[in-house]
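Written below as structure tokens is the structure these notes are about.
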Amino acid sequence: MTPDRKIAELSALIERYNREYYVEDAPTVPDAEYDRLLRELEALETAHPELRAPDSPTLRVGGAPLAAFEQVEHKVPMLSLSNLFSDMDAADFAARHAELVAFDERVRRELGVPHVGYAVMPKFDGLAVSLVYENGVLVRAATRGDGATGENVTDNIRTIRSLPLRLTGTPPARLEVRGEVLMLKKDFERLNAAQLAAGDKPFANPRNAAAGSLRQLDARVTATRRLSFFAYAIAEVEGAPWPATHQGEIDYLVGLGIPAVPPALRPVVDDAAGLAAYYEAILAQRATLPYEIDGVVYKVNQRAQQDKLGFVARAPRFAAAHKFPAEEALTTVEAIDVQVGRTGALTPVARLAPVFVGGVTVTNATLHNEDEVQRKDVRVGDTVVVRRAGDVIPEVVSVVLARRPMRAVPGADLFSPAEVALHDAWRLPGQCPVCGSHVVREEGEAVARCSGGFACQAQRAQAIRHFAGRRMMDIDGLGERYVEKLVDYGYVHRVADLYRLTLADLVAMKRRADAEDSGEPQDDSAPPEDLFAAIDDKTPTRWAENLLAGIAASRRPPLARLLFALGIRHVGEATAKTLADYLGRLDYVRRAPAALLAALPDIGTVVASSLADFFAEPNNEAAIDALLEAGVAPADEHVPSAALVPLLAPERLLARLGVPRLTETRAAQLASQVGTLASLAVLDRRAVIGLPLPAEVVNALADWLDEPANRAALTSLATLADELADAAPQGEDGAAQPFAGLTFVLTGTLPTLTRDEAKTMIEAAGGKVAGSVSKKTDYLVAGEAAGSKLDKATALGVKVLDEAGLKALLAI
DNA sequence: CTCCCTCGAGTTCT
DNA sequence: CTCGAGGGAG
């Protein structure tokens, strides 16, 4: 027999045994026989590498480990489901039923039909993945990621024995399947037993175990964990008809050999009562199911009706998740600490007696702010109900007042001062717990802040940590712990100091830190030789070299990241990008007055003055200068965007100067009369009063100009605006911005472009992409399965383009 | 002035 | 993930 025939035969046999074992749960051969066949196949493939098939069972044992997961873009975005009844007391049967009636009514009203069928299914507590089969062969698997881009985990997914590497029956040319990777309860228990036996830490719950296994860079490790996959939808099918119903989709996938829940667990129901009955039935079965679930999912069964309902923001309107009430537990509040954030925000945190809830042990829970503590009246010593909100963030739900410690002390009707302090209502301290500066709470704001600013050790450490973070300067190896130590020991006072650290500094710091952290608790018991052995080790030097390399590598960040890294209040990733895109150079951002910044899209008065104030503060100026001196400089500075020029029109700037009574309309009239900002700046009081505008307006303007600082600000604003306009691309380059001032809305799936690509193209041409259609929308770009946005656009008379139309418009 | 949506900020645990 | 604030549209 030729090797290729032999390989094909072995592969088929092994996959059949696989199915028997993992899918049908009825093995026909002993494990030893299976292993023997697999080894034989492996040997043959090693001898004839060119004959290794893309669906060979040997792929299931994993190959060489990866350095990192590759990013992959989802052709069809992976959406999340909106949650029914997210914050109500879902334990109440009647309320639950009422909500289901409302959901069903909404759907029927939107569709204009008397009755809708819903395909219902358990909601798995696992990880969503997307699988691509081409001509029946599994070619790619990706995690959800942010919905648009995920990680390529193909090697790991191939190790899932119950998942076919080649589809059975007649597979379509291309098939994209959405489903959940999870670990069955029994596999989880077995894994944890093995972990314990090997002296490794057990996983907290099946979900974590599945996540940890799927995220292994070495697929050989994943192969030793037993993961499962359950399909819940088709994202795309080519070369075969797309089933007309959701239930049909699942049946079709099962027919191709892809696992899904048994039909009894995924019926179609036809009204709110059916949804309710299904919810109650699954809730009752929850403990007996072989996997963890956290609720149920309702989907409109007919695909035609799904398309009609369309999408809102990032969630389909034809589907909803109905989560089970979060598991709750009782514990006690041992202390209420106050944390100081990067912006000085003081956050009370409840330190709790450890309690296992929702799959993890919780010891901390944020109390958000003083009002929240007061509203719930949480006190030290209280017994509280804790749950994990959205199954992630621990939350104190309420206080069990009946269990509040009695103040009564036996034999007395008074109680000791200590008792009083322990059980009194909690109040935020008037001083910062770290630096002692006084605490201020702005009128109408929920958060209280430490006024220490730069002087506060906590704020400084947090600011430096923020600076080094992954989405900012991305300094490899500089974690929270070491930032704190560097600040504590005085090596780093401001961010520029990072760039002056030496090898010796870092080694000394690490030794001290390690000695403090590990040595302290067992200082006396540890023999001195051990300590020396640790210090003599080469590791601190290697670690320090790596960190220095990381710091050096961060010297040329994109401007947007540098701006974000500075930690200016109200300036996050998006605002930093706006600033970088429009102004192009750090110097322009630093010099821009608030009125100019407020002329940029999505920047209003609050953000603009936060920026202007930041750059005017001498400490900050010095810190930035020091950074530049240390060799930190944005790598991508460019001339201001051509789209900036229309934003700097005199009337826009005038309206943003903060002159009393100078509204947008008045500013436009004023601009047409004086022409430029510079000419207004030189007008004397009489000339201003003489302008043909209402007396109250000209008087307010004249008063404002009488203030020398204001007049100077106007002059410098005029100068900078002119400078920016001159520096921006002119004439022909300006024509490269055919979409300047136009607003687009995207809907549906475009044939070749992803949403992100289309957005980038539009923005590159100077256009703006908005989320929803309104009268101000210039064009709607509609793709396949466009929903309500298309209807609205038609109703409002907004022009509708397809992808070809968009490209044609760009080409002009 | 009142919605609605996006962005920023803070937080937990593995 | 959730809350609150800011920005912009109606």
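Values below: every heavy atom of this structure, side chains too, minus hydrogens, waters and symmetry copies. Each chain gets a letter, A, B and so on, in the order the sequences are listed, and its residues count up from 1.
- Using a 4.0 Å cutoff on non-hydrogen atoms, the parts of residues 600-611 of chain A near DNA chain C are P601(A), D602(A), I603(A), G604(A), T605(A), V606(A), V607(A), ordered by number.
- Within the 4.0 Å cut-off from OP1 or OP2 of dC13(B), not a single side-chain nitrogen or oxygen of N208(A) is found.
- Within residues 340-356 of chain A, the residues approached by DNA chain B to less than 4.0 Å at the level of any non-hydrogen atom are R342(A), T343(A), A345(A), T347(A), V349(A), in residue-number order.
- Of all non-hydrogen atoms in P65(A) and R220(A), the two that sit nearest each other are CD-NH2, 3.1 Å.
- Between the C1' atom of dC1(C) and the CG atom of D294(A) lies a distance of 14 Å, rounded to the nearest Å.
- Ion pairing between K376(A) and E372(A) holds under the 4.0 Å rule for side-chain N and carboxylate O.
- In this structure, R144(A) places its CZ atom 8 Å from P of dC1(C), rounding to the nearest Å.
- Taking atom CG of residue L566(A) and atom C1' of nucleotide dG8(B), one finds them 16 Å apart after rounding to whole Å.
- No close placement of the H322(A) and F103(A) rings is indicated, their centers lying 6.0 Å or farther apart.
- Between H570(A) and dG6(C), a side-chain N or O to OP1/OP2 separation shorter than 4.0 Å is present.
- Put simply, CG on N369(A) is 17 Å from P on dT2(C), counting in whole angstrom units.
- For Q339(A), a side-chain nitrogen or oxygen approaches OP1 or OP2 of dT11(B) to under 4.0 Å.
- Side-chain contact check for R449(A) and T343(A): at least one donor-acceptor pair (N or O, by modelled atom type) lies under 3.5 Å.
- Look at NE2 on H368(A): it is 16 Å from P on dA9(B), rounded to the nearest Å.
- Residues A353(A) and T331(A) share a closest heavy-atom pair of O-OG1, 2.6 Å.
- Residues F124(A) and Y291(A) place their aromatic rings such that the two centres sit under 6.0 Å apart.
- Residue A574(A) is classed as a sugar-phosphate contact, given heavy-atom separations below 4.0 Å to backbone atoms only.
- Rounded to an integer number of Å, the gap from CZ of R207(A) to P of dC1(C) is 9 Å.
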Exercise for the section: Start with the C-alpha distance between V362(A) and F356(A), add both sets of side-chain angles, then the distance that settles side chain to side chain contact (heavy atoms under 4.5 Å, CB included), and finish with yes or no. Expected result: CA-CA 6 Å; V362(A) 168; F356(A) 191 77; over 6 Å; no
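- Of all heavy-atom pairs spanning A608(A) and I603(A), the tightest one is N-CG2, 3.8 Å.
- The nearest whole Å value for the distance from the CD atom in E370(A) to the P atom in dG10(B) is 17 Å.
- Residues S213(A) and N156(A) approach most closely at O-ND2, 3.8 Å, considering heavy atoms.
- To the nearest angstrom, P of dA9(B) lies 14 Å from CZ of R465(A).
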